[in-house]
Amino acid sequence: MSERRALLRGIRVWLGAFVVCLVLSGATAFPLVHELRWLEEGLRSLSVPEHLPGLMEWIERVRRGLDATDAKYPFVLYGTDWLAFAHLVIAVAFYGPYRDPVRNIWVVEFGMIACAGIVPLALICGPIRGIPFWWTVIDLSFGVFGIIPLYVVRRRIKQLESLEAPLRTVPPSAALSG
């Protein structure tokens, strides 16, 4: 396999993994109320309340809040539907670098900027919204772990670009004779 093909294959594998994670994290925002009930039941069956009472209290509080919101103001949860939709739309944007990585590197860089933006958002909005710091750390991990595959992809795209550069340059003699 040529170096170009190997780089292209690696780029596509990393992008595919990133897109799958993006789609899964978006799709899980649709059934939030049910997911939280299932999570609470699952944690109880694993005896988590005895070992991590703070986690259990937080999960219960969030579940109660979602249940109350769903019962009285279900339209508020429409916001999480839009959150899910945004994840899916952003995932579609990564088809550009999948198809033509060098030309669409900007999508990867945009994704890296978005991952970096998670940090100030979580650190500012978390305390304002009463989110426990340990949960903010979980939110921060999405940015940290999200940027890793994108960084790898960007590096590989730059390598691919340097391999393709000689193919795109026109020799000076050809430019003069044209």
Side-chain angles (χ1 to χ4, degrees), residues 12-49 51-101 104-154:
R12 288 178 172 165
V13 166
W14 279 99
L15 282 173
F18 182 79
V19 165
V20 165
C21 290
L22 194 56
V23 166
L24 288 175
S25 68
T28 59
F30 285 116
L32 263 176
V33 174
H34 301 294
E35 284 174 339
L36 233 14
R37 286 182 195 143
W38 298 330
L39 177 62
E40 186 178 7
E41 290 169 14
L43 292 176
R44 285 191 189 292
S45 71
L46 296 172
S47 303
V48 170
H51 304 292
L52 298 167
L55 171 65
M56 206 60 212
E57 289 169 16
W58 174 248
I59 297 297
E60 290 169 352
R61 180 176 183 212
V62 173
R63 195 245 332 125
R64 283 192 310 270
L66 281 174
D67 283 346
T69 302
D70 189 36
K72 279 185 102 169
Y73 311 105
F75 55 86
V76 173
L77 295 176
Y78 188 53
T80 62
D81 297 337
W82 280 105
L83 169 70
F85 178 72
H87 277 75
L88 301 176
V89 169
I90 293 167
V92 170
F94 282 91
Y95 178 68
Y98 184 90
R99 198 180 74 238
D100 188 347
N104 294 296
I105 192 171
W106 68 270
V107 176
V108 173
E109 292 168 342
F110 166 79
M112 292 172 74
I113 292 166
C115 286
I118 290 172
V119 174
L121 178 83
L123 290 175
I124 294 168
C125 295
I128 291 171
R129 302 290 186 205
I131 306 299
F133 181 73
W134 58 267
W135 193 267
T136 298
V137 172
I138 293 171
D139 290 340
L140 292 170
S141 73
F142 283 94
V144 172
F145 291 121
I147 206 166
I148 292 170
L150 296 178
Y151 176 76
V152 171
V153 166
R154 186 181 183 284

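Fair warning: this is a prediction, and the values are worked out from it, not measured in the lab.
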> Considering only heavy atoms from C-beta outward, does the side chain of Leu15 approach that of Pro97 to under 4.5 Å?
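Result yes, sub-4.5 Å side-chain heavy-atom pair found.
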
> So which heavy atom on His87 is nearest to which on Ser25, and how close?
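Shortest heavy-atom separation between His87 and Ser25 comes out as CD2-OG, 3.1 Å.
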
> Phe94 and ring pair (Phe, Tyr, Trp, His ring centres under 6.0 Å): which partner among Trp14, Phe110, Phe18?
Phe18

> Might you point out which heavy atoms bring Ala93 and Val107 nearest each other, and give the distance in Å?
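Where Ala93 meets Val107 most closely, the heavy atoms are O-CG1, 3.6 Å.
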
> Please list all pairs meeting side-chain hydrogen bond (donor to acceptor under 3.5 Å, both in side chains) that have one or both residues in residues 108-131, counting only residues at least two apart or in different chains.
Glu109-Arg154

> Rounded to the nearest 0.5 Å, what's the gap from CD1 on Ile113 to CG on Leu150? Could you check?
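Answer for the CD1-CG pair, Ile113 versus Leu150, is 11.0 Å.
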
> Do the non-hydrogen side-chain atoms of Leu36 and Leu39 ever get within less than 4.5 Å of each other?
yes

> What pairs meet the side-chain hydrogen bond (donor to acceptor under 3.5 Å, both in side chains) rule with one or both residues in residues 58-71, with sequence neighbours excluded?
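The answer is Arg37-Asp67, Glu40-Arg63, Arg44-Glu60, Arg63-Asp67.
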
> Roughly how far, to the nearest 0.5 Å, is CG of Leu83 from CG of Leu32?
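Output value for this atom pair is 8.0 Å.
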
> What side-chain donor-acceptor pairs closer than 3.5 Å can you find for residues 131-149, not counting sequence neighbours?
unit_1 : atom_1 : unit_2 : atom_2 : d
Thr136 : OG1    : Pro132 : O      : 3.4
Ser141 : OG     : Ile138 : O      : 2.4

> More than 12 heavy atoms of other residues, nucleotides or ligands under 6.0 Å from OH of Tyr151: is that the case?
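No, the 6.0 Å shell around OH holds no more than 12 heavy atoms from other groups.
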
> CG of Leu46 to CE of Met56: how many Å apart, nearest 0.5 Å?
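The CG atom of Leu46 sits 10.0 Å away from the CE atom of Met56.
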
> Can you tell me which residue pairs pass the side-chain hydrogen bond (donor to acceptor under 3.5 Å, both in side chains) test with a partner in residues 112-124, sequence neighbours excluded?
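Sorted result for residues 112-124: empty, none.
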
> Do you know which two heavy atoms are closest between Pro127 and Leu123, and how far apart they sit?
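Of all heavy-atom pairs spanning Pro127 and Leu123, the closest is CD-O, 3.2 Å.
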
> Sequence neighbours left out, what passes side-chain hydrogen bond (donor to acceptor under 3.5 Å, both in side chains) with Tyr78? Give chain and number order.
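Residues passing side-chain hydrogen bond (donor to acceptor under 3.5 Å, both in side chains) with Tyr78: Trp82.
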
> Among all residues two or more places apart in sequence or in another chain, which pass the side-chain hydrogen bond (donor to acceptor under 3.5 Å, both in side chains) test with Asp81?
none

